[in-house]
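Okay, structure first, notes after.
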Amino acid sequence: MSQQLKVQEKLEAIRSRIRLAEIQAGRPANSVTLIGASKKQTSDLIALFNEAGLRHCGENYLQEAIEKQAALNSHDIEWHFIGQIQSNKTKLIAEHFTWVHGIDRLKIASRLASQSAKPIKLLIQINPDEETSKGGVPLSEGAELADQIAQLDNVEIRGFMTIPQAEKNPDRQKSTFAKVHELLVQTNQRYSLDLNQLSMGMSGDLEAAVSEGATMVRIGTDLFGARK
Ligand SMILES: *Cc1c(COP(=O)(O)O)cnc(C)c1O
């Protein structure tokens, strides 16, 4: 089988998993955007996936991302920064990405706002299990941070992203995602906002995330294969 055919099959397989999860949750088709989590994957492979129809890619490491973006210059890809953000890197992030998923303090959002040429789309990272190894704010701090960011010019606060603790049990996966969804609802009510994006779900918990309202899933391994 040609590599292009294999790539098409892998993309189709993930799209089917998403579609099935949408149906099981009673959600309309195409309510979930697939982001290819392409860290440590080559630009040649990303090019094949893009030619097969993948439009959104998420990258974690700035230098690696900038090099791959240059190589993929002629491709129509919308880039999401999904890694941890160092405050001295915000200018480059603002220049190279349309979406930033890992916002966990006001200072980062305001630097992005002042350094970006166009309104940049932001998601606050929630750390629902309060793991010290991960970025993000506790569930209890998400709403207030969203309200503070909403008052900045030149950024659009759009919702929340989360990376829960590794968990194989689908009911426990769902219960964490449901809490982040509930946070979105509560934040909108409390501050009269209209946040509408939930970036949640990876290879091992895609179905649970779609069941609990994910609007973006970030899939690496099950889409591209194992990372180098
Ligand atoms: C690597 C990564 C993913 C994808 O993880 P897989 O388990 O390989 O699907 C999703 N989100 C973030 C933030 C990542 O760093």
Side-chain angles (χ1 to χ4, degrees), residues 7 9-18 20-21 32-43 45-46 48-50 54-66 68-69 77-86 89 93 96-105 108 112 120-137 142 158-170 172-174 176-177 180-181 197-228:
V7 161
E9 269 192 4
K10 282 190 163 162
L11 185 58
E12 270 316 302
I14 293 294
R15 291 215 192 279
S16 304
R17 277 175 65 185
I18 294 174
L20 192 61
V32 179
T33 298
L34 171 62
I35 300 173
S38 47
K39 61 173 179 272
K40 308 276 173 73
Q41 306 290 353
T42 63
S43 40
L45 186 65
I46 298 169
L48 288 176
F49 273 91
N50 177 246
L54 180 71
R55 256 213 85 232
H56 294 264
C57 286
E59 287 281 336
N60 295 62
Y61 307 109
L62 187 57
Q63 205 47 50
E64 177 192 332
I66 290 173
K68 292 195 300 198
Q69 287 174 350
I77 297 175
E78 192 158 311
W79 294 97
H80 299 244
F81 191 78
I82 61 174
Q84 297 219 20
I85 306 162
Q86 293 165 264
K89 300 286 171 60
I93 292 174
H96 287 269
F97 292 86
T98 308
W99 292 83
V100 182
H101 292 226
I103 303 298
D104 60 3
R105 51 200 196 274
I108 297 285
L112 288 167
I120 187 161
K121 298 173 172 49
L122 306 184
L123 303 176
I124 293 171
Q125 183 171 350
I126 302 299
N127 184 351
D129 309 301
E130 304 192 20
E131 294 167 278
T132 50
S133 61
K134 285 182 186 153
V137 299
R158 299 295 296 275
F160 298 110
M161 81 85 92
T162 194
I163 313 172
Q165 217 161 33
E167 170 61 69
K168 289 219 182 329
N169 179 300
R172 284 200 289 269
Q173 290 175 347
K174 283 185 195 173
T176 304
F177 291 135
V180 181
H181 188 174
Q197 297 294 327
L198 287 172
S199 167
M200 52 191 203
M202 318 201 310
S203 295
D205 53 17
L206 178 165
E207 284 79 6
V210 171
S211 143
E212 300 310 315
T215 62
M216 298 172 169
V217 292
R218 310 173 311 269
I219 309 299
T221 315
D222 283 3
L223 184 62
F224 299 109
R227 289 180 276 276
K228 307 279 136 47

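Just so you know, ligand 1 is whichever comes first in the structure, and atom 1 is the first atom listed for that ligand. Just the heavy atoms: all of them, side chains too, but no hydrogens, waters or symmetry mates, feed the values below.
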Self-check item: Backbone of Q41 reached by a side-chain donor or acceptor of K68 within 3.5 Å
Solution: yes
Quiz item: For I126, does its backbone N or O pair with a side-chain atom of T162 as donor and acceptor, under 3.5 Å?
Solution: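 Pair found, side chain donor or acceptor close to backbone of I126.
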Quiz prompt | Side chain to side chain, D205 and F177, heavy atoms closer than 4.5 Å | solution = yes
Subset of ligand 1 atoms that lie under 4.0 Å from at least one heavy atom of [X]:
{"X": "I219", "value": "9 (O)"}
{"X": "I163", "value": "13 (C)"}
{"X": "K39", "value": "1 (C), 2 (C), 3 (C), 14 (C), 15 (O)"}

One residue to check: [X]. Relative to ligand 1, which of side chain, backbone, both or neither has a non-hydrogen atom less than 4.0 Å away?
{"X": "N60", "result": "side chain"}
{"X": "D222", "result": "neither"}
{"X": "A37", "result": "side chain"}

Practice problem: Of all the heavy-atom pairs spanning R218 and A37, show the shortest one and how long it is. | Solution: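 In terms of heavy atoms, the two residues are closest at C-CB, 4.3 Å.
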For [atom], what is the nearest protein heavy atom, given as residue, atom name and distance?
{"atom": "atom 11 (N) of ligand 1", "value": "R218 NE, 2.8 Å"}
{"atom": "atom 8 (O) of ligand 1", "value": "T221 OG1, 2.5 Å"}
{"atom": "atom 6 (P) of ligand 1", "value": "S203 OG, 3.5 Å"}

Self-check item: Options M202, E59, M200, H101, ranked by nearest heavy atom to atom 10 (C) of ligand 1, top entry
Solution: M202
Exercise. Classify the angle between the aromatic ring planes of H80 and H101 as parallel (below 30°), tilted (30 to 60°) or perpendicular (above 60°).
Key: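 Correct class here is perpendicular.
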Practice problem: Tell me, yes or no, whether the heavy-atom count around Q84 atom CD, taken from other residues, nucleotides or ligands under 6.0 Å, exceeds 12. | Solution: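 Counting other residues, nucleotides and ligands, CD of Q84 stays at 12 neighbours or fewer.
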Practice problem: Salt-bridge test for R55 and E78: reply yes if a basic N is under 4.0 Å from a carboxylate O, no otherwise. | Solution: yes
